[in-house]
Amino acid sequence: MFNHDTKKLSRRRLLSDGAAWVAGAGLGSVAGTACATDSIDMPFANGRRHMIAFPEKRELIVLTTRPPQLETPFEVFNEGLITPNDAFFVRYHNNGLPPPIDSDKHLIKIGGNACGKPFELSMLELKTQFKPVEVVAVKQCSGNSRGFFSPRTTGGQLGNGAMGNAHWLGVPLKDILARAEISDKARQVTFQGLDFALMGGGDFVKALDIHHAIDGEVMVAYQMNGAELPFLNGFPVALIVPGYFGTYWIKHLSRIEVIDHEFDGFWMKTGYRVPDNDCACTEPGKNAASTRPISRLNVRSFITSHKDGARIAAGQAQEVRGIAFDGGQGIREVAYSLDGGQSWRGAHLSEDIGRFSFREFKFGFTPDPGAYDLRVRAFNRSGQSQPLEALWNPSGYMRNGVESIKLTAV
Ligand SMILES: Nc1nc2c(c(=O)[nH]1)N[C@H]1C(S)=C(S)[C@@H](COP(=O)(O)O)O[C@H]1N2
Ligand SMILES: [Mo]
């Protein structure tokens with residue numbers, strides 16, 4: 001019924017129509033191409049996925065189409081430190097995607113009961129009345145890598161591709177809130193975008209404590225990697241919370257409220273909570289006695305140059321490359337092991353392009369014939385690291401155990 005030309009057509013149409021694809025033929029042809037595309041097997045059971053190119057996106061791994069939930073193929077992370085816009089993962093909670101957005105008419109409404117002076121900001125005002133700032137920062141979904149949990153947990157069975165590193169340009173939230181005449185009673189700030197719940201569950205609203213919201217790092221961004229945000233990544237403007245899990249990075253940002261109490265909406269009070277202990281973990285299969293909202297990224301590292309299970313040539317020098325990141329302390333060291341974690345050495349760290357960014361590491365070795373079990377373990381500047389074996393929690397969040405890449409030299 002639909003063939004590859006349909007897919008190409010929808011991409012070409014997008015280039016000329018901008019964001020107009022959402023309501024019209026764009027989504028129709030996206031749904032139609034689902035049968036015609038390649039599929040991919042994730043590295044865990046029952047992980048067969050379609051690959052589909054949504055508008056403004058190359059072929060990505062599909063978790064759901066309505067709403068779109070797309071994962072970045074892991075090879076992309078070997079291409080460079082910045083994740084290209086067309087390869088950046090996509091996550092939505094609710095089926096009510098915004099209708100086409102005219103950025104000239106888009107407004108961010110600032111209010112709430114601890115805001116003394118409610119006001120609205122147009123995109124033009126945002127871009128011209130404030131001094132722009134830039135940051136390179138990792139956006140990672142709380143449930144990235146959930147598919148590897150054992151026992152399995154409910155939620156999207158993601159591989160390792162629900163993360164990305166981008167260069168963001170925008171305005172510090174602090175500068176915007178400086179106009180809001182915030183009262184002393186302010187406790188939290190809530191954020192909402194233009195997407196909405198169609199079938200219960202509630203609109204996706206998130207909250208940050210007031211001190212965090214005005215720390216100068218939280219940002220309202222209108223550019224991603226030097227271009228407008230792709231529609232599916234929050235066009236025309238999104239909240240950037242460097243060092244924090246993606247759940248707080250509200251897309252299509254349209255409403256900011258400064259409130260005098262702790263926000264108790266579903267996505268703070270019930271969703272996105274982790275065990276309230278040092279490891280954010282429980283014994284596998286067990287619930288937590290108490291929970292807290294998920295917050296900062298923990299330390300992770302991945303080999304990107306070699307695939308688990310690959311064969312390499314014995315006697316031939318191997319250059320191993322990968323990425324490491326954390327919640328904003330910055331990566332201090334990446335240790336690597338060739339023997340499954342029995343002995344460790346230090347990898348070379350490449351240029352530091354910011355403490356919220358992916359950091360590249362490299363190391364080399366020349367294998368003898370036989371089996372190799374490569375592991376990498378990153379440490380941040382305050383000494384936090386990754387558990388040698390992955391920890392468990394009921395929602396399948398924050399997975400960060402040391403990864404193992406098995407190679408056979410022949
Ligand atoms: N408006 C809106 N913003 C949102 C969400 C959403 O459902 N709606 N999901 C959040 C979650 S959980 C994640 S992981 C990131 C994903 O951002 P991306 O789609 O740009 O990768 O968006 C966050 N912001
Ligand atoms: Mo997420």
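Just so it is clear, the model here is predicted, and its values are computed rather than measured. Just so it is clear, the values below take in all heavy atoms, side chains as well, and ignore hydrogens, waters and symmetry mates. Both counts, for ligands and for their atoms, begin at 1 and track the order of listing. When a residue number appears, it is its place in the shown sequence, counting from 1.
A salt bridge is absent between Lys185 and Asp260; no separation between the charged side-chain nitrogens and carboxylate oxygens falls under 4.0 Å. Ion pairing between Glu257 and Arg255 holds under the 4.0 Å rule for side-chain N and carboxylate O. Using a 4.0 Å cut-off between charged nitrogen and carboxylate oxygen, Glu71 and Lys57 do not count as a salt-bridge pair.
Counting heavy atoms closer than 4.0 Å to ligand 1, residue Leu232 contributes backbone atoms (N, CA, C, O) but none from C-beta onward. Proximity of Asp195 to ligand 1, defined as any heavy-atom pair under 4.0 Å, is confined to the side chain (atoms from C-beta onward). Contacts between Tyr248 and ligand 1, counted as non-hydrogen atom pairs separated by less than 4.0 Å, are absent for every part of the residue. Under 4.0 angstrom from ligand 1, the non-hydrogen atoms of Lys139 all belong to its side chain.
Among Phe204, Phe235, Tyr92, the residue whose heavy atom lies closest to atom 10 (C) of ligand 1 is Phe204.
Checked by distance only, ligand 1 and Ser142 stay at 3.5 Å or farther apart across all their nitrogen or oxygen atoms. Below 3.5 Å of separation, one finds no N or O of Thr247 facing any N or O of ligand 1. Between His252 and ligand 1, no pair of N/O atoms sits closer than 3.5 Å.
For the side-chain hydrogen bond (donor to acceptor under 3.5 Å, both in side chains) test with Ser301, the passing option among Gln386, Glu403, Arg377 is Gln386; the others fail. Put simply, the residue from Asp326, Asn380, Asn400, Leu391 that forms a side-chain contact (heavy atoms from CB on, under 4.5 Å) with Asn298 is Asn400.
Every atom of ligand 1 with a heavy atom of Tyr272 under 4.0 Å away is listed here by number and element: 12 (S). Close approach of ligand 1 to Cys141 is summarised as follows: ligand atoms under 4.0 Å from at least one heavy atom of the residue are 14 (S). Every atom of ligand 1 with a heavy atom of Val90 under 4.0 Å away is listed here by number and element: 19 (O), 21 (O).
For atom 7 (O) of ligand 1, the nearest protein heavy atom (residue, atom name, distance) is His93 ND1, 2.8 Å. Phe89 O, 2.7 Å is the protein heavy atom nearest to atom 21 (O) of ligand 1. Shortest contact from atom 24 (N) of ligand 1 to any protein heavy atom: Trp249 O, 3.0 Å. For atom 19 (O) of ligand 1, the nearest non-hydrogen atom of the protein is Lys251 NZ, 2.6 Å. Scanning all protein heavy atoms for the shortest distance to atom 15 (C) of ligand 1 gives Gly246 O, 3.5 Å.
Checked by atom type and distance alone, the side chain of Arg375 never pairs as donor or acceptor with a backbone atom of Ser404 at under 3.5 Å. In this structure, the side chain of Arg381 engages the main chain of Gln329 through a donor-acceptor pair within 3.5 Å.
Judged by distance alone, the side chains of His167 and Glu134 do bring a donor and an acceptor atom under 3.5 Å apart. If you check the side chains of Asp339 and Ser337, you find a donor sitting under 3.5 Å from an acceptor. Side chains of Ser350 and Lys362: no donor on one and acceptor on the other come within 3.5 Å.
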